Amino acid sequence: MLPKVYFVIPCYNEEEMLPYTIQKMGEKLQSLIESKLISDESKVVFVDDGSKDRTWELIKAATKDKRFLGIKLSRNCGHQNALMAGMGYSVKFCDCVITLDADLQDDINVIDEFIKKFEEGYDVVYGVRSSRKTDTFFKRFTAQSFYRLMRAFGVEIVYNHADYRLLSKKALEFLMQFEERNLFLRGIIPLIGLKSTIVYYERQERIAGKTKYPLKKMLSFAFEGITSFSVKPIKYITSAGFLMFLLSIAILIYAIVQKIRGQAIAGWTSLTISIWFIGGLQLVALGLIGEYIGKIYKEVKRRPLYFIEEIAEDAQEQ
Ligand code: UDP
Ligand code: MG
């Protein structure tokens with residue numbers, strides 16, 4: 001049986017891009033079906049993320065062709081949530097989902113490879129950019145710093161992988177068990193486990209329309225990524241507090257020595273000591289409270305504790 005593949009494409013104000021995307025995806029779907037890689041019941045699912053332009057009209061018009069499907073969100077919920085909406089819908093009907101951006105910056109020619117990997121038994125296939133040639137220096141620099149920072153904070157993510165990926169039905173079902181509100185898919189997918197692999201591709205430039213990720217959104221996305229996965233920043237406060245505390249002891253000795261040598265003016269010793277001592281104490285206390293908040297934060301996420309990939313029972317001898 002050929003796999004039924006749903007392509008999930010989030011769209012936010014993409015009227016300039018969509019006519020091209022719809023045509024290209026239609027052609028790609030056709031060629032995949034003809035080369036007997038995917039079932040002819042496969043579909044392209046466009047998720048309109050509360051666009052303010054003609055995006056939804058274009059999507060609706062495209063659905064005259066029954067290989068296209070449209071989902072309209074009531075407001076702009078953000079890229080990650082739009083992806084979740086599309087995948088949450090598709091999981092009921094498909095064997096696997098491939099998510100990609102509406103601007104087709106992610107090379108659609110490697111889809112064949114994605115599907116081959118899926119057929120080989122991989123549940124998660126990550127599309128990874130082989131280089132960042134098409135990026136501006138600024139984007140390249142910020143993106144790389146972001147990945148480094150995430151690593152430093154102990155968040156496991158795949159380097160140079162955006163949201164171009166294939167997920168099997170099983171992986172999708174696991175993903176749907178995450179109930180957290182601050183979604184950062186790149187961080188969550190590795191937590192699912194299952195067999196995963198990487199397919200490399202060259203990222204193209206955006207053909208039409210503008211990026212929907214201006215600097216402000218990018219920064220908040222990065223911040224979201226770190227704070228929804230790591231409590232390390234809190235731990236750093238605690239460490240800083242202890243450091244201050246040690247320092248205050250050194251200052252204490254220094255201040256007393258100065259006093260004995262008669263080099264301190266009246267009041268300086270006690271003032272200096274208290275500033276450092278209280279400062280250190282406050283930071284330690286803040287860090288300690290932070291540790292508890294960190295625990296609460298982990299609890300409220302209600303992340304699934306485990307996923308059962310398979311159960312073996314009554315194995316019959318062949
Ligand atoms: N997008 C979305 N909601 C948003 C912002 C972006 O659905 O609030 C979609 C957008 O239409 C595109 C994808 O997310 O399909 C990636 O956005 P974009 O290409 O602008 O990001 P970049 O490639 O510049 O990082
Ligand atoms: Mg893009």
Side-chain angles (χ1 to χ4, degrees), residues 6-25 28 44-60 62 68-90 97-108 110-111 126-147 150 157-165 181-186 189 201-225:
Y6 273 41
F7 296 88
V8 172
I9 306 184
C11 310
Y12 177 55
N13 293 345
E14 297 284 6
E15 63 178 6
E16 287 163 74
M17 202 58 229
L18 265 177
Y20 176 82
T21 308
I22 290 168
Q23 195 207 337
K24 279 281 166 202
M25 283 312 292
K28 186 71 203 168
V44 180
V45 181
F46 290 104
V47 184
D48 175 16
D49 185 15
S51 300
K52 291 173 189 72
D53 62 2
R54 288 176 48 248
T55 297
W56 181 241
E57 285 166 46
L58 292 172
I59 293 174
K60 243 167 71 178
F68 294 112
L69 205 146
I71 296 175
K72 186 181 187 329
L73 305 186
S74 61
R75 62 177 174 89
N76 181 236
C77 302
H79 181 203
Q80 305 285 294
N81 293 315
L83 281 173
M84 278 305 260
M87 292 190 287
Y89 175 83
S90 308
V97 149
I98 295 176
T99 52
L100 61 161
D101 289 353
D103 52 15
L104 296 193
Q105 280 186 288
D106 308 317
D107 184 8
I108 55 173
V110 296
I111 289 175
Y126 298 104
V128 170
R129 305 173 58 170
S130 42
S131 74
R132 283 190 170 263
K133 273 193 293 221
T134 51
D135 277 0
T136 59
F137 170 75
F138 180 71
K139 177 113 189 179
R140 197 159 54 217
F141 177 73
T142 45
Q144 248 142 24
S145 320
F146 167 68
Y147 284 108
M150 290 293 274
I157 50 174
V158 178
Y159 194 67
N160 268 351
H161 158 69
D163 284 299
Y164 189 23
R165 69 173 80 82
R181 301 294 116 187
N182 301 305
L183 265 182
F184 186 70
L185 285 170
R186 281 171 227 187
I189 308 282
Y201 71 98
E202 207 53 70
R203 190 163 160 110
Q204 325 288 323
E205 270 173 75
R206 197 182 240 281
I207 306 171
K210 284 201 295 280
T211 172
K212 307 297 179 294
Y213 269 105
L215 181 64
K216 199 168 140 247
K217 251 193 188 170
M218 229 155 67
L219 284 179
S220 89
F221 186 61
F223 193 68
E224 180 96 328

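Both counts, for ligands and for their atoms, begin at 1 and track the order of listing. Predicted model only: the values in this text are computed from it and were never measured.
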Taking a cutoff of less than 4.0 Å between a non-hydrogen atom of the residue and any ligand atom, is Arg203 in contact with ligand 1?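 Within the 4.0 Å threshold, so yes.
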
Check the pair Arg203 / Asp107 against salt bridge (charged side-chain N to carboxylate O under 4.0 Å, His left out), numbers first and verdict last. CA-CA 6 Å; Arg203 190 163 160 110; Asp107 184 8; over 6 Å; no

For [atom], what is the closest protein heavy atom, and at what distance to 0.1 Å?
atom: atom 14 (O) of ligand 1; result: His79 CD2, 3.3 Å
atom: atom 6 (C) of ligand 1; result: Lys212 CB, 3.6 Å
atom: atom 25 (O) of ligand 1; result: Lys139 NZ, 3.3 Å
atom: atom 1 (N) of ligand 1; result: Tyr12 CB, 3.7 Å
atom: atom 19 (O) of ligand 1; result: Asp103 OD2, 2.5 Å
atom: atom 17 (O) of ligand 1; result: Tyr213 CD1, 3.9 Å
atom: atom 18 (P) of ligand 1; result: Arg206 NH2, 3.4 Å

Indicate the atoms forming the closest heavy-atom contact of Val97 with Ser90, along with that distance. CG2-CB, 3.6 Å

Restricting to non-hydrogen atoms, name the atom on Pro19 and the atom on Leu58 that form the minimum distance, rounded to 0.1 Å. CD-CD1, 4.3 Å

Looking at ligand 1, does any of its N/O atoms fall within less than 3.5 Å of an N/O of Pro10?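 Yes, there is a polar N/O contact under 3.5 Å.
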
Heavy-atom side-chain contact between [X] and [Y] under 4.5 Å:
X: Gln204; Y: Leu104; answer: no
X: Tyr12; Y: Thr55; answer: no
X: Arg140; Y: Gln144; answer: yes
X: Glu14; Y: Thr21; answer: no
X: Phe46; Y: Asp48; answer: no
X: Leu185; Y: Arg165; answer: yes

[X] neighbourhood, listing ligand 1 atoms whose heavy-atom distance to it stays under 4.0 Å:
X: Lys217; result: 4 (C), 5 (C), 8 (O)
X: Thr211; result: 20 (O), 21 (O), 22 (P), 24 (O)
X: Asn76; result: 3 (N), 4 (C), 8 (O)
X: Asp49; result: 2 (C), 3 (N), 4 (C), 7 (O), 8 (O)
X: Gly78; result: 3 (N), 8 (O)
X: Glu14; result: 10 (C), 11 (O), 12 (C), 15 (O)

Of all N, O or S atoms in Asp103, which has the smallest distance to the Mg ion (ligand 2)?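 In Asp103, the N, O or S atom with the shortest distance to the Mg ion (ligand 2) is OD2.
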
Measure from the Mg ion (ligand 2) to each N, O or S atom of Thr211 and report whether any distance is below 2.8 Å.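 So Thr211 does not bind the Mg ion (ligand 2) by this criterion.
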
Are any side-chain N or O atoms of Asn13 and backbone N or O atoms of Ser51, one a donor and one an acceptor, separated by less than 3.5 Å? no

Ignoring hydrogens and angles, tell me if any N or O in the side chain of Asp53 forms a donor-acceptor pair with the backbone of Glu15 under 3.5 Å.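 A pair under 3.5 Å: yes.
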
